[in-house]
Structures are given as C-alpha cells and as structure tokens.
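Structure first, commentary second.
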Amino acid sequence: MEIIAFGRKTLQKPKGQFSKKIAYYPAVFLISVLWGVGITPSIANDNNAASSSVKSATQATSNALSSIILGNAMGGSGSFKLKLGSAPQFNHFSVLDKGDDNQISGAESSREESGRGGIAASPDLSNWSIWATPVVSGFKNNIAPYTSTGTVSIALMGLEYNHDDTIIAGLSYAYSSVDANTTYNGGTLKSISKTVSPYLVYILNDRWMLDASAGFGQANPETKVSGVTGKTSSQSNFATVGVTNTIEMGKVLVRPRASYTVYKDYLAGYTNSANVTNGALTSWLYQTKLGGTVSYEVKPFSPFISAYSIFNSWSMTPSNTAPSAYASTYQVQIGANTSKGPFYGTAAFQFEKSTSQFRIYGGIRF
C-alpha cells in the first residue's frame, strides 16, 4: 500500500517546483505525439507472462507441504523421517505429494496400530523429528492469454515437534527450481526460489484434524523472449487452513477435506536488455477447495482418486491484468503409490479446466 503524505502548506509551491514542471510538461507532450503518430514508447509488461509460471510454483510448494504435514499427522510421511533422540533410522510410509493438499496416500490403515494412534507413540523416541522429500511437478496452463508449460522441482525438508499426538508443529524449508516456456510469446522463464513455511496440525480425534500453514518465499526469475533477456525479483506468499476427516472401510480409506488458501505473488518492475521497462505486478488469489480422496490400500500398488470443486477470486495490480484462473472449476487427481523391497514411489496426474499437472516422486528406504 502506498501512502502519499501532503504537507500542511499545500498551496505553497516548494522550491524547485517550477523547474520540475518545465521538465514534466514537455515529456507528457512528447509521449502524446508519439502515440498520435503510432509510435509506442518502450513500456511493456512481460511480468504478465511470468506470473502464471510463478503462481504454479507457489501452488506446487503449498500443495506439497500440506500433503506431507497431513501425512505426518496420520502416522505416515511423504518423506524420509528421522526421529531425534533414537538410533539413526529412516522410516518411510507410502505417502507422497500428488498436487492435492489432502492426500495422505498409503498411510498405515489405522493410527491405533502404533499403540497410541500416532507417530510419537513409542515412549523411547523423542518428540522431535526431521524430514525431507523431493517433488517433481510438470504443469501446463492453457488459460489465455498468458499460457505456459514447464517443470517445478522442489526439495523439501523440515523440523517437527509432536506434542502427545495432539499438536504437531514444524518449520519447513523448500528449495525449488522452475523451468518454464511462456508459450503465448515464445519465451522462457527460469527461476530459483527459497521458501520458509511454519505449520501447525491439531488432531481432534482419530477421525478429525485441523491444519494451518504459511509460506514466505523469494526468487529471481529470468525471462528470455526473442533473444531479449530480463531479470526481476519476486516474492511469493501463501496461507492455508483446512479440515480433514478420515473414514475407514476395510482397505478403503475415504478422506473428505475442505481448505481455504490465499496466494500472493509480487514481481518487481525491471528494464530488459532491449531497454524496455516492465512494470511491477501483484496478484492475489483466494481459493476454496471442497472434495475428498478415496484410496485402496493394497500391495504393491495402492491406487487413489481425488475430486474437488474449486472456487477462486482474485485481485490484480495493474487492475487490467488478466488472471490465470477461473472463478469456479473442478480438479481431479488419479494416481497410485507403489513399493517393492527398498524402492517406493508415487505417480499422479492432476487435471482441471484448461490446466494439468503430472507429479512423480520416489526413493529408497534406509
């Protein structure tokens, strides 16, 4: 928000004001003449093209974090997890990010199996733990006019504290790389971002849990269009609150979920290699998701399917910028978890109106 302060003597012309007007009015006249004869001054906004790719990276990080922290709370993990204060041993449970903030795929069928119903049930283990996971997400955005395709690669890690299987709090760090094509103008975008995210889960009982998370990230996107390069800085923030229910029916798990997320992406103005000025861009996206996931817990493959209704609203600055979102849409994810010996992984395909993503994750148990 910009605040303009006016002095008390607003009618008094400050020193130098006359000289500023001498420079100002000819500049306005020159721009008017250029527009009048069909010559456009060197003012553009390639940030519009970059914004959809930056938003895809922000959403991928938010969804990955939500998936992992919910998996941890249910007694599984979408990551390698080391309990502090115990003998060094990595434990993996078949839970992965699939672009869905409620998926807790392959978690052990009941929290009661651990004795007390959670990940900190063993009395000889510390309440502190660390976790880490890689995520690779390919995206395709066909929402005109700023279409784009690309890949987001994320390395996530975190420190977590579990209080009596009721409150789980943690802090995560995400290092992500975006490699995208801004297809509408034949350009490319590359970016490295770093995001710090605190999170909190409150387990009401064996069936219900509440969660909240936030992310604060910075990046330096680089664009290239027809040989013209540019570099700017960006800030990406998000905040999510959600509620999840778990219904067990033998090997079938049903998990209804509702969540609300606010995304903010800011790209600073810059001048590219052709001396064209690109203005700053700020986008706010407010997203409500209602739906759920059904999974069938078998070995070696555990298939799952999720379906959501999504409701979006937004605010853009400049206000005439077209958003890369629909007011309402659907979202479906189809995938499977697999494990054999020390190897495990998940592949999932997510699609919604005019956009799609494919995510894959895997590793080796220690």
Least distance between heavy atoms, [X] atom then [Y] atom:
X	Y	value
S148	T183	N-OG1, 3.5 Å
A268	T232	O-OG1, 2.5 Å
L65	S213	CD2-CB, 4.0 Å
Y330	E352	O-CB, 2.6 Å
Y260	T288	CD1-OG1, 3.2 Å
N237	G217	OD1-N, 3.8 Å

[atom1] of [X] to [atom2] of [Y]: how many Å apart, nearest 0.5 Å?
X	Y	atom1	atom2	answer
F238	D265	CZ	CG	11.0 Å
Y286	Y263	OH	OH	13.5 Å
T195	L156	OG1	CG	8.5 Å
E297	E248	CD	CD	9.5 Å

(message) Do V294 and I247 sit in one hydrophobic cluster, given that two such residues count as connected whenever their side-chain heavy atoms are within less than 4.5 Å of each other, even indirectly?
(response) yes
(request) Carefully, step by step, assess V136 and T151 under the rule side chain to side chain contact (heavy atoms under 4.5 Å, CB included). (result) CA-CA 7 Å; V136 177; T151 302; 4.0 Å; yes
(message) Between L159 and I130, is the side chain to side chain contact (heavy atoms under 4.5 Å, CB included) condition met? List the steps.
(response) CA-CA 5 Å; L159 175 66; I130 56 176; 3.6 Å; yes
(message) Which residue in the set S236, S191, S193, S137 passes side chain to side chain donor-acceptor pair (under 3.5 Å) when paired with S176?
(response) S193
Could you tell me whether a side-chain N or O of [X] sits under 3.5 Å from a main-chain N or O of [Y], the two making a donor and an acceptor?
X	Y	answer
N127	Y161	no
S273	T229	yes
T321	P318	yes
T261	Q287	no
S302	V298	yes
D164	T166	no

(request) Go through the steps for T293 and R257 under the test side chain to side chain contact (heavy atoms under 4.5 Å, CB included), then give the verdict. (result) CA-CA 8 Å; T293 299; R257 177 168 169 80; over 6 Å; no
(request) Answer whether the closest heavy-atom distance between the side chains of Q331 and Q350 falls below 4.5 Å. (result) yes
(request) Determine whether K264 and Q235 make a side-chain contact, defined as any pair of heavy atoms from C-beta on separated by less than 4.5 Å. (result) no
(message) Looking at K231 and E222, is any side-chain nitrogen of the basic one under 4.0 Å from a carboxylate oxygen of the acidic one?
(response) yes
(request) Check whether more than 12 heavy atoms from other residues, nucleotides or ligands sit under 6.0 Å from atom CH2 of W284, and answer yes or no. (result) no
(message) Please determine whether the number of non-hydrogen atoms from other residues, nucleotides or ligands lying under 6.0 Å from atom CD of Q218 exceeds 12.
(response) no
(request) Kindly indicate, with the supporting measurements, whether the criterion side chain to side chain contact (heavy atoms under 4.5 Å, CB included) is fulfilled by W208 and V243. (result) CA-CA 7 Å; W208 290 94; V243 56; 3.8 Å; yes
